[in-house]
Amino acid sequence: MNAIVALCHFCELHGPRTLFCTEVLHAPLPQGAGAGDGPGQGEPAEEEEGGIQMSSRIRAHSPAEGASAESSSPGPKKSDMCEGFRSLAAGHPGYISHDKETSIKYVSHQHPNHPQLFSIVRQACVRSLSCEVCPGREGPIFFGDEQHGFVFSHTFFIKDSLARGFQRWYSIVAIMMDRIYLINSWPFLLAKIRGIIDGLQGKALRVFEAEQFGCPQRAQRMNTAFTPFLHQRNGNAARSLTSLTSDDHLWACLHTSFAWLLKACGSRLTEKLLEGAPTEDTLVQMEKLADLEEESESWANSEAEEERAPALLEGVERRELSKSSTDSLRSDCAGWQPRKLSVFKSLRHMRQVLGAPSFRTLAWHVLMGNQVIWKSRDAELVQSAFDVLRTMLPVGCVRIIPYSGQYEEAYRCNFLGLSPHVQVPPHVLSSEFAVTVEARPAARSNPNLAGCEDDQSLSKYEFVVTSGSPVAADRVGPTILNKIEAALTNQNLSVDVVDQCLICLKEEWMNKVKVLFKFTKVDSRPKEDTQKLLSILGASEEDNVKLLKFWMTGLSKTYKSHLMSTVRSPTASESRS
């Protein structure tokens with residue numbers, strides 16, 4: 001996370017000052033920023049905490065570019081220094097931690113080395129302790145602007161027996177330029193910074209009570225009540241936070257806490273890039289889920305109307321049948337959570353099992369929208385085959401009946417699973433718009449599965465692909481089919497890469513479908529212009545045209561209604577005229 005966390009203090013003599021700050025360095029440290037990354041002699045072993053390689057080694061930091069070590073240093077002058085806002089001793093170079101996962105360095109010192117960062121932290125410190133006040137003076141506040149960054153500030157008091165009012169005013173600020181990210185991190189920062197503050201206040205309270213028990217200050221101040229205020233103020237300079245908490249390792253602990261805070265806050269929120277509008281598959285899935293919810297509500301209402309026992313029994317059977325189809329629809333809509341494939345693992349696996357010629361025939365019929373009939377005794381095998389084949393089509397073009405005891409017409413489904421004894425009408429078997437895959441018991445092992453230990457369940461089957469219109473080997477076929485086969489044949493591509501290629505191909509051709517739909521259905525252009533458009537789209541071949549027309553049926557209702565409403569609007573009519 002590109003941010004700075006700083007501890008600030010309000011000194012009664014010098015006003016608001018920065019005590020300690022931790023920043024993130026993504027680039028290598030400047031030259032002279034340490035004696036190298038290797039452990040030096042006598043250095044203690046490094047420890048890991050929260051994924052950060054915490055080092056007790058101290059590294060020197062050269063001044064920022066354009067600032068000399070003494071004259072141009074952005075820190076306060078030595079003459080202005082007092083114990084109240086001195087954190088590290090004179091000559092102390094600071095602390096550094098390495099995050100081995102991201103190669104990021106977390107550097108802590110009293111002031112940022114870069115003059116611009118020093119100015120930003122300084123302004124945040126002043127506003128936190130002087131200008132921006134929350135009710136009760138203790139608690140979190142938010143302020144900032146685009147120029148100087150946005151600040152989450154938590155002010156608090158530390159007990160001090162020598163201070164006016166027996167307490168001193170501090171704040172912890174987190175500064176970054178991303179306002180939205182900082183606001184979204186508010187609950188996390190509040191909880192963690194509150195924990196750091198509680199630790200500091202607890203240590204200071206123990207020291208305060210011990211000092212008050214040994215030498216009560218209240219009675220002593222009452223005896224000097226008429227002493228001039230300025231004289232008493234000048235003789236009561238602020239003490240260091242190390243003295244108030246009696247913790248010699250305070251700054252090393254704060255460095256650890258601030259570094260962890262920056263790492264944890266940066267990793268808890270991740271940004272996702274949304275590339276344009278939702279895809280057609282996403283829109284269709286959303287529409288199916290909405291229809292499913294409406295159907296579920298209608299079932300709930302119908303249950304209250306069932307009164308007679310015979311009608312109730314009939315309604316239960318009807319609902320059971322409907323719910324089974326609804327479960328299929330629900331899994332159909334859950335495209336973002338793919339089913340675990342227990343038989344066919346991928347398109348490449350199916351191509352290996354069926355053989356290249358049979359797979360090409362089957363894939364051609366799938367892409368053209370013809371009915372795929374799969375006959376087998378194993379319903380799980382059929383469901384697995386359909387889960388693999390449906391990945392070649394848009395979601396809106398998929399209509400599945402996983403397993404049926406009778407033949408279903410093509411208008412109801414383009415994927416139909418049947419048991420072996422179901423008779424398919426002769427006109428369907430001889431039709432060029434259907435393909436049948438039969439899983440027959442194999443007389444011998446499938447030669448395509450030789451050497452595959454994971455395909456024992458498939459070795460007992462022989463797959464026969466038949467169609468009234470077999471695809472000739474020399475036929476060009478649709479362009480997308482050739483690209484799919486090229487990806488499946490390339491063994492250098494993993495299965496995951498092939499899946500991403502398939503998604504890209506479907507999106508490419510769905511965009512062509514959208515153009516063709518608007519051109520022909522919405523604008524009603526003549527046939528000659530349509531042919532020119534198909535040539536421009538690279539889809540003038542017969543198979544490509546058939547594919548586009550079939551895929552057009554998978555367009556979402558949302559997209560179609562949007563186009564129609566745009567065309568019917570007055571502004572659209574004026575622009576067309």
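Sequence positions, counted from 1, serve as the residue numbers for this chain. Just the heavy atoms: all of them, side chains too, but no hydrogens, waters or symmetry mates, feed the values below. None of these values were measured; they are calculated from a predicted model.
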Mind running side chain to side chain contact (heavy atoms under 4.5 Å, CB included) on Arg268 and Phe188 for me, showing each step along the way?
CA-CA 9 Å; Arg268 63 178 293 271; Phe188 175 82; 3.4 Å; yes
Side chain to side chain donor-acceptor pair (under 3.5 Å) between Ser171 and Thr155: does it pass, once the steps are laid out?
CA-CA 4 Å; Ser171 71; Thr155 53; over 6 Å; no
I need the [X] [atom1] to [Y] [atom2] distance, nearest 0.5 Å.
{"X": "Gln201", "Y": "Thr245", "atom1": "CD", "atom2": "OG1", "value": "12.0 Å"}
{"X": "Leu254", "Y": "His249", "atom1": "CG", "atom2": "NE2", "value": "13.5 Å"}
{"X": "Ser346", "Y": "Asp387", "atom1": "OG", "atom2": "CG", "value": "13.0 Å"}
{"X": "Thr18", "Y": "His9", "atom1": "OG1", "atom2": "NE2", "value": "11.5 Å"}
{"X": "Cys21", "Y": "Gln110", "atom1": "SG", "atom2": "CD", "value": "8.5 Å"}
{"X": "Ser556", "Y": "Lys560", "atom1": "OG", "atom2": "NZ", "value": "8.0 Å"}

Is any side-chain heavy atom of [X] less than 4.5 Å from a side-chain heavy atom of [Y]?
{"X": "Glu23", "Y": "Pro112", "answer": "yes"}
{"X": "Leu25", "Y": "Ile104", "answer": "no"}
{"X": "Trp551", "Y": "Ile480", "answer": "yes"}
{"X": "Met177", "Y": "Phe150", "answer": "no"}
{"X": "Leu241", "Y": "Leu250", "answer": "yes"}
{"X": "Leu261", "Y": "Leu189", "answer": "yes"}
{"X": "Leu555", "Y": "Met510", "answer": "yes"}

Apply side chain to side chain contact (heavy atoms under 4.5 Å, CB included) to residues Ile196 and Leu7 and explain how you reach the verdict.
CA-CA 11 Å; Ile196 297 173; Leu7 173 66; over 6 Å; no
Shortest non-hydrogen separation from His154 to Leu190 and the atoms involved:
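In terms of heavy atoms, the two residues are closest at CD2-CD1, 3.7 Å.
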Note: Leu182 and Ala174 closest approach over all heavy atoms is CD2-O, 4.2 Å
Could you tell me whether a side-chain N or O of [X] sits under 3.5 Å from a main-chain N or O of [Y], the two making a donor and an acceptor?
{"X": "Glu138", "Y": "Phe157", "answer": "yes"}
{"X": "Asn184", "Y": "Ile180", "answer": "yes"}
{"X": "Arg348", "Y": "Ala487", "answer": "yes"}
{"X": "Glu287", "Y": "Thr558", "answer": "yes"}
{"X": "Ser119", "Y": "Gln116", "answer": "no"}
{"X": "Lys506", "Y": "Thr391", "answer": "yes"}
{"X": "Ser267", "Y": "Ala264", "answer": "yes"}
{"X": "Gln285", "Y": "Val395", "answer": "no"}
{"X": "Ser103", "Y": "Asp99", "answer": "no"}

By the definition ring pair (Phe, Tyr, Trp, His ring centres under 6.0 Å), identify the one residue from Tyr181, Trp186, Phe143, Phe142 that meets it with Phe152.
Trp186
Between Phe156 and Tyr170, how do the two ring planes meet: parallel, tilted or perpendicular, split at 30° and 60°?
parallel
Could you go through Ser128 and Val151, starting from their C-alpha distance and side-chain angles, then the distance that decides it, and tell me whether this counts as side chain to side chain contact (heavy atoms under 4.5 Å, CB included)?
CA-CA 9 Å; Ser128 172; Val151 182; 5.7 Å; no
Here's one to test your reading of the geometry: is the NZ or CZ of Lys263 within 45 degrees of the ring axis of Trp260 and under 6.0 Å from its centre?
no
Decide yes or no on side chain to side chain contact (heavy atoms under 4.5 Å, CB included) for Lys159 and Leu244, but give the supporting numbers first.
CA-CA 8 Å; Lys159 283 292 186 180; Leu244 294 178; over 6 Å; no
Run the ring-centre check on Trp251 versus Tyr95 and record whether the distance is less than 6.0 Å.
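Judged by ring-centre distance (under 6.0 Å), Trp251 and Tyr95 do not meet the cut-off.
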